Asker: 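Before we start, here is the structure in question, set down as structure tokens.
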2 protein chains.
Amino acid sequence: MNDRKKHVIMMAHQLFIEKGFQATSIQDILDYSGISKGTFYNYFSSKNELLIALLKELYFEMEQAQNKLLVGQDASDLEIFIKQVEVQTELNRKNKLISLLEEVNFSNDKEIIHFIRIGQLKILKWLHSRFLDIFGKEKEPYILDCAIMFTGILHINFKYYSAAHEKNINISKVVRYSVSRIVSIMEDVAKSKEQLFEPQLLGHWLPKNHQQKKVFQRDIDKTITALKSGIKDTDLEDKYLEFLDFIQDELLHAKKPRRHLVENVFNEMKKDLSPTNKKEIFALEVLISTYFQRS
Amino acid sequence: MNDRKKHVIMMAHQLFIEKGFQATSIQDILDYSGISKGTFYNYFSSKNELLIALLKELYFEMEQAQNKLLVGQDASDLEIFIKQVEVQTELNRKNKLISLLEEVNFSNDKEIIHFIRIGQLKILKWLHSRFLDIFGKEKEPYILDCAIMFTGILHINFKYYSAAHEKNINISKVVRYSVSRIVSIMEDVAKSKEQLFEPQLLGHWLPKNHQQKKVFQRDIDKTITALKSGIKDTDLEDKYLEFLDFIQDELLHAKKPRRHLVENVFNEMKKDLSPTNKKEIFALEVLISTYFQRS
DNA sequence: AAAAAAATTATACTACTGGTATAAAAATCA
DNA sequence: TGATTTTTATACCAGTAGTATAATTTTTTT
């Protein structure tokens, strides 16, 4: 993305934090970021689209920071989860993301509302998978309930805690307290077997492509990484690394992946690697074919 | 209030429910309720003031319905509490009050924001007193925490439950589930002695006059009722009933209670009643004097 | 360095908003 | 009936989001 465009988004974000979204006029953004109206409408077709660009960046930043903490760690460790939530909460606070989302949810713009909805569901889905890590498969019927209630408890605690302590906010305290509560609630509902939401609701809410894309991304990543590390032949290493990178990039990042090119490259590679990495090659083949079948 | 004015508020409420507050222009309200702009601004100085008038009515309706359920009942009965919350939730749903409040909280209108804040704190205060009834004095250090979390849990459960079940919303199920959770949380925090909010925060948040007014209202009511029923002298009954009603009305409903008038009437009465209702007369005297000291 | 292309600016414009002002008409009251 | 209040219709103001366009500046290509 253009540097100037990014700068405009940053300046607008600053204004949204200070005055709120509604109260910030486009003229304010123009003055504050020193661009003309024409340029603004060259970058964004509306104030709402600027907002979406901002939200995408904030979400991305959040996911990044959050996932960084988990790599190579024990997923069932509650402390890791607490750290992740702390990071999330701190970023929310810094970016005033929650009040921005709440405000903007009433903008009557379908795209924005959908975007926020998907964002919240993704958080729910993340919590669901993390709770599954932490509490184990046997608690599954109650995990969606607890994920939902956790967002509510954390949100309300943070809201009133902020109101009570103005600037000296001990995020860790609020997060730990809220996590303690949900741990206890999980025990409680598992024992009394009370259930409010059917577990399959989450899958029903989240459009398939969102889920599928994520799963696909992880699968292709795993398979290609395995294949890369399996190449012993140093003579051909450069060639096949290039091939694998090409396939990965084409499938994950290209707007219209070139089917025949990908399949051709794959078949070239299959000839040589098939005997040594049978399992992974097969997995990759399945991934590629199902990918093109879908689209 | 004028019937026509009430009608305008109703029509506006209808529009707010359908389109939201921001999205409803004053012109919409004029067209929908069939009045002219001049009349509108004769009734309300702005759209925001119309909103405040609406919110006042809705809050009043809610308090009424809620308190009706408690009279003559056992305050520690959890079932009564559940009924009260159900009524509250049903009215919220019917009036779309929650989303209206959330939307309007970003209106940058100080008065509205303050009004909503006070409203929420009053709900919290109500929950606090009800939890005190139900869970007992010994749980007091944790009652504010639980009141806060209860609002969060109920809110989030209702939100996702509505999303999942569209129109077939079983309010009772959501309320009962949420109440079960808070009962368990209360046990949990009382046992682990974890506390997030200091109990005195609520008193600190709610401006004194709000609390004091309520307390004062109840005290004066109690004292005067006791005095009324204590009058045995049928000859003087009419006279003293008139006196007591006057004092009560003057202190509770007059904009500027006439101090000397009230004190004079009270002293007239004191002469005759002092021996028979010593205690109550004294209590009333204290109430009157502290009342005028304050203002 | 020159030419072409793209980005940016300033400005004027439309249609709408909330809110003000006012004179005429209608309803209410004494 | 006559006076007073309420209501209406209308024109008006300043501010909003967004469009259109011609002129200018910057970047890219040759």
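Just so it is clear, the structure is predicted and the values come from calculations on it, not from any experiment. Naming convention: chains lettered A, B, ... in sequence-line order (proteins, then strands); numbering from 1 in each chain.
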Asker: Show every salt bridge (Lys or Arg N to Asp or Glu O under 4.0 Å) that has at least one partner inside residues 36-47 of chain B, sequence neighbours left out.
Answerer: none
Asker: Step by step, would you call Gln27(B) with Asp31(B) a side chain to side chain donor-acceptor pair (under 3.5 Å)?
Answerer: CA-CA 6 Å; Gln27(B) 195 58 52; Asp31(B) 296 344; 3.1 Å; yes
Asker: Does dT6(D) have OP1 or OP2 sitting under 4.0 Å from an N or O in the side chain of Arg4(B)?
Answerer: no
Asker: In whole Å, what is the span from the CD1 atom of Ile29(B) to the P atom of dT8(D)?
Answerer: 15 Å
Asker: NA contact type, Tyr43(B), heavy-atom cut-off 4.0 Å: base, sugar-phosphate, or nothing?
Answerer: sugar-phosphate
Asker: Check whether Thr39(B) reaches the backbone of Ile35(B) with its side chain - one donor and one acceptor, N or O, closer than 3.5 Å.
Answerer: no
Asker: dT7(D) C1' sits how many Å from His7(B) NE2, rounded?
Answerer: 16 Å
Asker: For Ser162(A), give me all partners under side chain to side chain contact (heavy atoms under 4.5 Å, CB included), at least two apart in sequence or on another chain.
Answerer: Phe158(A), Ile169(A)
Asker: At the 4.0 Å heavy-atom cut-off to chain B, mark where contacts on DNA chain C begin and end, going 5' to 3'.
Answerer: dT17(C) to dT20(C)
Asker: Who are the salt bridge (Lys or Arg N to Asp or Glu O under 4.0 Å) partners of Glu49(B), not counting sequence neighbours?
Answerer: none
Asker: Side-chain donor-acceptor pairs under 3.5 Å in residues 14-23 of chain A, sequence neighbours left out?
Answerer:
from, atom 1, to, atom 2, distance (Å)
Gln14(A), NE2, Glu18(A), OE2, 3.1
Lys19(A), NZ, Asp28(A), OD2, 2.8

Asker: Can the ring centres of Phe266(A) and Phe243(A) be said to be less than 6.0 Å apart?
Answerer: no
Asker: Quick one about Asn267(A) and Glu263(A) (side-chain donor to acceptor, distance below 3.5 Å, no hydrogens or angles considered), yes or no?
Answerer: no
Asker: Can you list, by residue number, the residues of residues 14-21 of chain B that have a non-hydrogen atom closer than 4.0 angstrom to DNA chain C?
Answerer: none
Asker: Quick test: give all pairs of protein nitrogen or oxygen and nucleotides 17-21 of chain D nitrogen or oxygen below 3.5 Å, distance rounded to 0.1 Å.
Answerer:
from, atom 1, to, atom 2, distance (Å)
dA17(D), OP1, Ile26(A), N, 3.2
dA17(D), OP2, Ile26(A), N, 3.2
dG18(D), OP2, Tyr41(A), OH, 3.2
dG18(D), OP2, Lys47(A), N, 3.3
dG18(D), O5', Tyr41(A), OH, 3.4
dG18(D), N7, Lys37(A), NZ, 2.9
dG18(D), O6, Lys37(A), NZ, 2.8

Asker: If you define the side chain from C-beta out and look only at heavy atoms, does anything of His155(B) sit under 4.5 Å from Ile156(A)?
Answerer: no
Asker: Can you list the residues that meet the side chain to side chain contact (heavy atoms under 4.5 Å, CB included) rule with His165(B), with sequence neighbours excluded?
Answerer: Tyr161(B)
Asker: When the axes are fitted on five pairs at both termini, how much does the helix from dA1(C)-dT30(D) to dA30(C)-dT1(D) curve, in 10° steps?
Answerer: 10°
Asker: Can you list everything that forms a side chain to side chain contact (heavy atoms under 4.5 Å, CB included) with Asn95(A)? Sequence neighbours excluded, please.
Answerer: His13(A), Leu58(A), Glu61(A), Leu91(A), Leu97(A)
Asker: Starting at CG of Asn42(A) and ending at P of dT25(D), how long is that distance when rounded to a whole Å?
Answerer: 19 Å
Asker: For Asp245(B), enumerate each residue passing the side chain to side chain contact (heavy atoms under 4.5 Å, CB included) test, keeping only those at least two apart in sequence or located in another chain.
Answerer: Lys228(B), Gln248(B)
Asker: Quick one: salt bridge (Lys or Arg N to Asp or Glu O under 4.0 Å) pairs with a partner in residues 95-121 of chain B, sequence neighbours left out?
Answerer: none
